[in-house]
There are 4 protein chains.
Amino acid sequence: MNYKDIREECCEANIALPRTGLVDLTFGNVSVLDAAAGVFAIKPSGVDYAALKPEDMVIVDLEGQTVAGELRFSSDTPTHRCLFLAFAEHGVRSIVHTHSRKAVAFAQAAIEIPCLGTTHCDYFNGPVPVTRDMTAAEVQGAYEWETGNVIVERFAELNPMEIAAVLVRNHGPFAWGVSGAKAVETAQALEIVADMALHSLSLNPTVCPAPNYLREKHFFRKHGAGAYYGQK
Amino acid sequence: MNYKDIREECCEANIALPRTGLVDLTFGNVSVLDAAAGVFAIKPSGVDYAALKPEDMVIVDLEGQTVAGELRFSSDTPTHRCLFLAFAEHGVRSIVHTHSRKAVAFAQAAIEIPCLGTTHCDYFNGPVPVTRDMTAAEVQGAYEWETGNVIVERFAELNPMEIAAVLVRNHGPFAWGVSGAKAVETAQALEIVADMALHSLSLNPTVCPAPNYLREKHFFRKHGAGAYYGQK
Amino acid sequence: MNYKDIREECCEANIALPRTGLVDLTFGNVSVLDAAAGVFAIKPSGVDYAALKPEDMVIVDLEGQTVAGELRFSSDTPTHRCLFLAFAEHGVRSIVHTHSRKAVAFAQAAIEIPCLGTTHCDYFNGPVPVTRDMTAAEVQGAYEWETGNVIVERFAELNPMEIAAVLVRNHGPFAWGVSGAKAVETAQALEIVADMALHSLSLNPTVCPAPNYLREKHFFRKHGAGAYYGQK
Amino acid sequence: MNYKDIREECCEANIALPRTGLVDLTFGNVSVLDAAAGVFAIKPSGVDYAALKPEDMVIVDLEGQTVAGELRFSSDTPTHRCLFLAFAEHGVRSIVHTHSRKAVAFAQAAIEIPCLGTTHCDYFNGPVPVTRDMTAAEVQGAYEWETGNVIVERFAELNPMEIAAVLVRNHGPFAWGVSGAKAVETAQALEIVADMALHSLSLNPTVCPAPNYLREKHFFRKHGAGAYYGQK
């Protein structure tokens with residue numbers, strides 16, 4: 001097996017990152033899961049996006065072992081693996097991690113991104129949450145794996161297909177979706193709504209979220225059985 | 001009839017949106033009215049701007065029925081239709097909807113864009129207003145049509161040719177004009193003045209609007225019988 | 001006489017405006033003086049920068065009459081003329097007007113741009129001042145000429161070669177210099193220092209200006225007889 | 001000797017500056033040291049980046065004398081020289097000076113860039129410090145040399161390889177590294193973390209720094225003997 005499909009989908013999604021403006025230097029990576037094969041493709045660590053080819057993607061199994069690929073996998077690989085183990089059953093097939101600047105600003109301020117308008121509601125059915133502080137033991141132990149754990153813990157009562165992103169405190173965003181392209185689009189939408197929210201909060205620090213009925217109208221206009229946005 | 005003229009004008013104006021920086025992803029659409037024929041052309045829903053061709057534009061009549069075109073029309077079509085029914089008599093021939101970021105920031109904060117300087121006065125003869133909150137019944141009913149209604153309600157005592165834009169609360173801007181090109185230009189000017197106002201308010205939260213005599217001087221220097229800006 | 005030299009210098013400087021990011025839509029114009037001939041070249045009103053050719057520049061004398069050129073001159077022409085009459089004796093040969101966004105933010109907030117650091121000191125030997133409110137009579141009378149007058153009034157005790165820019169209240173910046181290229185560079189520097197000051201003030205609203213000795217060191221390192229910046 | 005290697009490394013790093021968006025106009029310069037030869041290459045003063053060629057780099061010895069090159073060296077050369085004398089023993093081979101806007105905003109506000117998240121920790125093992133005010137005597141004396149001295153003074157108890165940048169008060173950033181490319185990358189990272197911190201502070205003016213254990217985990221994940229980021 002050479003995992004051609006997930007290598008290509010993963011490579012294309014990684015290459016899209018700098019074009020979207022989400023990624024400075026090499027601060028971002030995308031993974032794509034083949035659930036049937038029990039493996040995922042992920043960006044190699046610290047390699048420039050411009051040079052990436054499908055064969056550079058590292059294939060990792062759900063126990064965290066490299067099963068194909070010459071390069072060292074992204075140092076964030078255990079976080080991706082932890083999220084696939086928890087979220088794949090909800091339909092998550094791709095995970096994107098970036099340090100996109102406005103989303104990071106919220107993560108650093110430990111403030112969730114409030115749902116202030118329909119741009120947000122079109123993508124996220126509620127505020128984008130922030131994880132709790134990680135303990136010294138978690139950071140000094142299996143840090144990247146524990147990063148996944150605090151995300152999963154934060155989603156105990158959230159549906160990852162309705163809130164398809166999170167802010168890791170003092171770190172930055174992870175977003176996900178049913179494909180590499182969708183996960184990247186969600187990461188873009190996240191940065192856009194963070195930017196808009198930052199300015200709304202600057203204009204009005206006590207601004208109220210959009211009403212629940214507006215949020216649900218917009219979210220379900222684009223997602224689920226009753227969606228009527230886009231072409232059939 | 002194939003509505004070639006409005007298809008081309010509408011397609012060109014839609015294609016202009018990403019070039020202006022007003023539109024992220026697919027968050028925007030333009031319509032163009034043929035008042036004599038009682039129809040308007042509008043962007044199809046969820047289609048990338050790069051791929052748009054005049055024949056993709058959907059032709060819709062003023063009762064909201066598709067009269068030509070293979071694709072599903074933009075989900076915002078009822079809002080455009082409602083505005084044409086109310087504003088066409090004032091000379092409005094084209095409507096632009098975007099989620100341009102600074103204008104959205106004001107819409108989400110429920111703060112009108114104050115008229116702080118001549119850039120604003122050159123385009124808008126007063127502050128750019130915000131609509132009222134929509135009720136649950138309006139949102140859960142004919143939502144996009146009701147969005148048009150709250151705009152029209154807000155303009156009960158405003159001239160849509162003097163204030164050629166509005167901010168829909170918790171949503172974003174609509175702008176309009178006598179042509180696709182003019183409506184897009186007005187949407188650009190709206191975003192620019194929102195950006196400037198955001199920073200002026202950050203510098204001085206109690207900043208005063210420009211004097212009325214300055215506002216009128218600039219607006220009528222560019223609009224109406226006494227205009228002397230541009231070439232004859 | 002066909003004023004070839006000032007037409008070319010003026011055209012080139014106008015064309016530079018959108019490339020610098022200082023100008024949105026058609027919000028900006030440059031003029032260049034031929035003091036010996038008693039005329040200046042200026043951009044025609046409301047014409048796109050991309051289409052400008054040297055022969056489109058309008059040649060205007062110091063009484064305000066068009067002496068050559070087919071097009072209508074910029075509506076801001078009387079302001080430029082007023083400034084040449086007052087400042088040419090100090091060496092001003094070119095004037096740039098833009099609505100560059102951060103400088104406009106200060107003009108709208110009626111706050112001078114404080115001299116906070118060496119980027120500012122390299123170009124301006126003190127804060128960039130704001131003009132007073134114009135009266136209704138001034139605005140309703142010879143508005144553009146009176147705009148020049150309030151600038152000249154503000155410079156009663158300032159040297160226009162040491163402070164080569166001004167913010168017209170509720171309007172935006174004018175900058176100037178010994179050539180079209182220098183005036184455009186000063187307009188760029190103005191926008192840059194406005195941007196930096198905006199963020200410094202956001203971080204620390206009671207920030208102090210740079211010490212006078214630092215300001216003078218930097219200004220005179222680049223200007224005047226003792227300058228030692230750049231090549232000989 | 002023609003110092004071909006440091007000329008090329010220095011030229012390439014200077015040319016990279018405008019491409020990174022760190023530099024407006026000609027506000028920036030890079031130097032590269034050849035420690036064995038006791039000389040460094042540096043950008044000539046006030047020359048456009050687009051036109052730079054390796055042979056334009058000025059070669060200066062550690063006493064400050066030009067030993068090769070036709071052009072006048074950057075006016076900031078004595079600052080670079082002072083830093084090489086103090087920091088070369090720690091492994092610093094290249095120094096970058098820019099007026100990148102967000103870093104300047106902190107320098108002008110006299111506020112250090114706090115270590116708020118992992119983007120910062122990946123590059124700097126602590127806050128990026130601000131130098132003290134320079135005295136009138138320092139500014140009016142050997143100004144650029146004294147600028148280096150206040151930086152060295154600020155690093156009395158800091159390791160320049162763990163904190164590879166500084167903000168000179170009322171001025172702007174210097175960054176450094178083991179090569180021209182690394183120093184430029186650090187200058188980029190500095191501007192990025194300044195941008196993120198500015199927005200985090202706007203959201204939450206009393207935001208806390210990242211915990212020490214998180215900072216150290218990230219810094220030493222990328223630097224030193226235990227690093228596991230990137231390819232072997």
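Just so it is clear: chains get the letters A, B, ... in the order the sequence lines come, proteins before strands, and each one is counted from 1. Only this structure's heavy atoms are used, side chains among them; waters, hydrogens and symmetry mates stay out.
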Tell me, for [X] versus chain C, whether the close heavy atoms (under 4.5 Å) come from the side chain, the backbone, both or neither.
| X | answer |
| --- | --- |
| D/Leu201 | side chain |
| D/Thr135 | backbone |
| D/Phe73 | neither |
| D/Val47 | side chain |

From [atom1] ([X]) to [atom2] ([Y]), nearest 0.5 Å:
| X | Y | atom1 | atom2 | result |
| --- | --- | --- | --- | --- |
| D/Asp24 | C/Glu191 | CG | CD | 10.0 Å |
| C/Asp122 | D/Phe27 | CG | CZ | 6.5 Å |
| D/His199 | C/Ser202 | NE2 | OG | 8.0 Å |
| C/Ser200 | D/Arg101 | OG | CZ | 12.5 Å |

With a 4.5 Å cut-off on heavy-atom pairs, point out which of [options] contacts chain C the most.
| options | result |
| --- | --- |
| D/Ala197, D/Ala105, D/Gly46 | D/Ala105 |
| D/His171, D/Lys102, D/Arg169 | D/His171 |
| D/Glu144, D/Glu138, D/Gln140 | D/Glu144 |

Greatest number of heavy atom pairs closer than 4.5 Å to chain D - which of C/Gln188, C/Arg221, C/Glu216: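 Top count of heavy-atom pairs under 4.5 Å with chain D: C/Arg221.
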Chain D contacts, top residue of C/Val193, C/Asn204, C/Thr119 (heavy-atom pairs, under 4.5 Å):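 Highest number of pairs under 4.5 Å: C/Thr119.
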Which answer fits [X], side chain, backbone, both or neither, if we ask what part of it has an atom under 4.5 Å from a heavy atom of chain D?
| X | result |
| --- | --- |
| C/His120 | neither |
| C/Asn212 | neither |
| C/Glu185 | both |

Side-chain (C/Tyr213) to main-chain (D/Met134) donor-acceptor, under 3.5 angstrom: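 Confirmed, C/Tyr213 side chain pairs with D/Met134 backbone.
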Closest approach of D/Asn170 to C/Leu116 (non-hydrogen atoms, all atoms of both residues):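 Of all heavy-atom pairs spanning D/Asn170 and C/Leu116, the closest is ND2-O, 2.9 Å.
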Nearest atoms (heavy-atom pairs only) where C/Leu203 meets D/Ala109: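 Taking every non-hydrogen atom into account, CB-CB, 4.0 Å.
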Sub-4.5 Å side-chain heavy-atom contact between D/His99 and C/Thr118: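 Result yes, sub-4.5 Å side-chain heavy-atom pair found.
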Counting neighbours of [atom1] on [X] that are heavy atoms of other residues, nucleotides or ligands and sit closer than 6.0 Å, is the number greater than 12?
| X | atom1 | answer |
| --- | --- | --- |
| C/Glu12 | CD | no |
| D/Glu162 | CD | yes |
| C/Lys182 | NZ | no |

